[in-house]
Number of protein chains: 2
Amino acid sequence: MLTVMPTAQPVTAVETTSDIPEVASVLRTSVMRMRRRLANERHPDNDLSLGSMAVLGALYANDEMTLGALAARERVQPPSMTRMVNFLEEGGYVVRRPGETDRRQVLVSITDKGRRTVRKDRLSRDAWLAQQLVDLDADELAAIRTAASIMERIATS
Amino acid sequence: MLTVMPTAQPVTAVETTSDIPEVASVLRTSVMRMRRRLANERHPDNDLSLGSMAVLGALYANDEMTLGALAARERVQPPSMTRMVNFLEEGGYVVRRPGETDRRQVLVSITDKGRRTVRKDRLSRDAWLAQQLVDLDADELAAIRTAASIMERIATS
DNA sequence: ATAACTGCTTACCGTCGCTAACTATTCCCG
DNA sequence: CGGGAATAGTTAGCGACGGTAAGCAGTTAT
């Protein structure tokens, strides 16, 4: 007995191969649209942008990081990270201090306010996306997981 | 007979359900990074941005559309679409003309130059992404396809 | 005929990313 | 030790991309 087959008829590997350009195109547009939607879905009472939240999340995990490490992690140039950290510092979410051994460095650490924000935000910000995923079946969820890891790898290559 | 199970050990539906927040988070960051990468990968000799290309692609499929229809299709506010169309018109990729029955409308249609650009660009712009996908096996490709269609649906919901 | 609505445009603003050029510190080598 | 090279961040300025508010012109309804 066939369970629900997501969308496609079973295709052979050969046919699939010739579809690569099409998959590339489809993936590209869906990624673009998805990120636009995600950017819009932030909670209104939260003034932190997606980028800022990602930084704050990194600091939530590792209490203190250099600005350079943050930039590398987010795959962003140092000036972009400087701006984000400025913004976060003004809001009281993080604090800066000069590096101890190397005073050129800037050590960024998260404040209690930042920590609280991350916890609250993890709940509310991903809530919308999680809600969209809740109706998916196990196969679809697995596909998303696989695709996400491939995208991560491609984006980082 | 079980075909290849992408990456994960067989998980029950119950376990999978509890992973939803994590999948949401992973998906979100990979989408953000992926789109950043895609934006950077455009071919240097092509002065059209990703958004403009999407519009041109829509016009390639349906010869003539109103500006409003284009905005709706790209899930963008009318002013944003006005700007893109201005840009495309200046470059000679599209032409504007007033609507016939309703002269408030603006009908946008693609020129030969626009058509040529789409064809050339489809080849060259997605080439990079396609190259990244070429080493994937059939299951992974299927996962991408499924994920893309889900993302499309979510983004459009 | 006029009021309300609609489709697009204009003006302005914010985010996010980049490069180039600068400062301050550290490292290395003669 | 001293001085140039390298490194970590910052500042300044730009471009792409998105939004809202307000205005204008054409259409519809009363």
Side-chain angles (χ1 to χ4, degrees), chain A residues 29 31-42 44 46-56 64-91 94-108 155, chain B residues 28-29 31-44 46-56 64-91 94-108 155:
Chain A
T29 72
V31 164
M32 303 307 275
R33 288 213 233 270
M34 188 70 183
R35 104 98 211 191
R36 200 142 62 208
R37 193 71 153 88
L38 283 171
N40 286 346
E41 264 326 307
R42 68 168 135 198
N46 186 350
D47 56 343
L48 269 57
S49 71
L50 291 168
S52 302
M53 268 311 302
V55 172
L56 213 50
E64 188 162 59
M65 298 175 73
T66 67
L67 193 144
L70 282 170
R73 176 177 169 130
E74 296 303 314
R75 321 247 157 219
V76 150
Q77 295 302 310
S80 302
M81 187 50 65
T82 291
R83 194 190 303 132
M84 286 191 211
V85 170
N86 284 344
F87 182 77
L88 287 170
E89 193 178 30
E90 281 161 23
V94 305
V95 291
R96 253 194 185 85
R97 66 187 181 90
E100 284 159 0
T101 69
D102 183 341
R103 290 212 309 272
R104 289 170 306 180
Q105 294 184 329
V106 165
L107 297 175
V108 186
Chain B
R28 181 163 57 76
T29 73
V31 165
M32 303 305 278
R33 289 211 231 271
M34 188 72 182
R35 110 94 211 194
R36 199 144 65 208
R37 192 71 153 89
L38 283 171
N40 285 345
E41 268 322 311
R42 69 168 137 199
H43 214 266
N46 185 351
D47 56 345
L48 268 58
S49 71
L50 292 167
S52 302
M53 269 311 302
V55 171
L56 213 49
E64 188 161 61
M65 299 175 72
T66 67
L67 193 143
L70 281 170
R73 176 178 167 128
E74 296 303 314
R75 319 250 154 217
V76 150
Q77 294 302 310
S80 301
M81 186 51 64
T82 291
R83 196 185 305 126
M84 286 190 212
V85 171
N86 284 344
F87 182 77
L88 287 169
E89 194 178 29
E90 282 162 22
V94 304
V95 291
R96 253 193 186 85
R97 65 187 181 90
E100 283 159 1
T101 69
D102 182 343
R103 289 212 309 270
R104 291 169 304 178
Q105 294 186 329
V106 165
L107 297 174
V108 186

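Fair warning: this is a prediction, and the values are worked out from it, not measured in the lab. Below, read A as the first sequence line, B as the second, and so on, with proteins coming before strands; counting in each chain starts at 1. Both backbone and side-chain heavy atoms feed into the values below; hydrogens, waters and symmetry mates do not.
- Rounded to an integer number of Å, the gap from A:Leu38 CG to D:dC17 C1' is 16 Å.
- Partners of B:Ser52 according to the side chain to side chain contact (heavy atoms under 4.5 Å, CB included) rule, which considers only residues two or more places apart in sequence or in another chain, are B:Leu48, B:Ser49, B:Phe87, B:Leu88.
- In this structure, B:Leu50 atom CG and D:dC17 atom P are separated by 6 Å, rounded to whole Å.
- At whole-Å resolution of the value, CG in B:Leu88 and P in D:dC17 are 11 Å apart.
- With sequence neighbours excluded, no residue forms a side-chain hydrogen bond (donor to acceptor under 3.5 Å, both in side chains) with B:Gln77.
- To the nearest angstrom, P of D:dT11 lies 16 Å from CE of A:Met81.
- Counting only residues at least two apart or on different chains, no salt bridge (charged side-chain N to carboxylate O under 4.0 Å, His left out) pair has a member in residues 76-86 of chain B.
- Applying the salt bridge (charged side-chain N to carboxylate O under 4.0 Å, His left out) test to pairs two or more places apart or on separate chains, those with a residue in residues 64-75 of chain A are A:Glu64-A:Arg97, A:Glu74-B:Arg33.
- In this structure, CG on A:Leu56 lies 10.0 Å from CG on A:Leu70, to the nearest 0.5 angstrom.
- Side-chain N/O atoms of A:Thr82 include one lying less than 4.0 angstrom from OP1 or OP2 on D:dT10.
- Applying a 4.0 Å cut-off to non-hydrogen atoms, the residues of residues 65-73 of chain A that approach DNA chain D are A:Thr66, A:Leu67, A:Gly68, listed by residue number.
- Across all their heavy atoms, A:Leu67 and A:Met81 have their closest contact at O-CG, 3.7 Å.
- Side-chain atoms of B:Ser49 lie closest to D:dC17 of the nucleotides C:dC8, D:dC17, D:dT11.
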Strictly under 3.5 Å: I want the nitrogen or oxygen pairs between protein and nucleotides 23-26 of chain D, one per line.
from   : atom 1 : to       : atom 2 : distance (Å)
D:dG26 : N2     : B:Arg104 : NH1    : 2.9

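- In this structure, the side chains of A:Glu89 and A:Val94 come closer than 4.5 Å at one or more pairs of heavy atoms.
- Distance CZ (A:Phe87) to P (D:dT10): 17 Å, rounded to an integer number of Å.
- Of all the heavy atoms in A:Thr82 and A:Arg96, the pair that sits closest is O-NH2, 3.9 Å.
- Listed by chain and residue number, nothing satisfies the side-chain hydrogen bond (donor to acceptor under 3.5 Å, both in side chains) test with A:Thr66 (two or more places apart in sequence, or in another chain).
- The interatomic distance linking B:Gln105 (CD) with D:dT27 (P) rounds to 10 Å, in whole Å.
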Would you tabulate the nitrogen or oxygen pairs shorter than 3.5 Å linking the protein to nucleotides 18-20 of chain D?
from   : atom 1 : to      : atom 2 : distance (Å)
D:dG18 : OP1    : A:Arg36 : NH1    : 2.4
D:dG18 : N7     : B:Arg83 : NH1    : 2.8
D:dG18 : O6     : B:Arg83 : NH2    : 3.2
D:dG19 : OP2    : B:Gln77 : N      : 3.1
D:dG19 : OP2    : B:Ser80 : OG     : 3.0
D:dG19 : O6     : B:Arg83 : NH2    : 2.7

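- Considering only residues two or more places apart in sequence or on other chains, B:Met34 meets the side chain to side chain contact (heavy atoms under 4.5 Å, CB included) condition with A:Leu27, A:Val31, A:Met151, A:Ile154, A:Ala155, B:Leu38, B:Leu129.
- What separates CD of B:Glu74 from P of D:dA16 is a distance of 18 Å, to the nearest Å.
- If you measure from atom CZ of B:Arg33 to atom P of C:dG17, you get 11 Å, rounded to the nearest angstrom.
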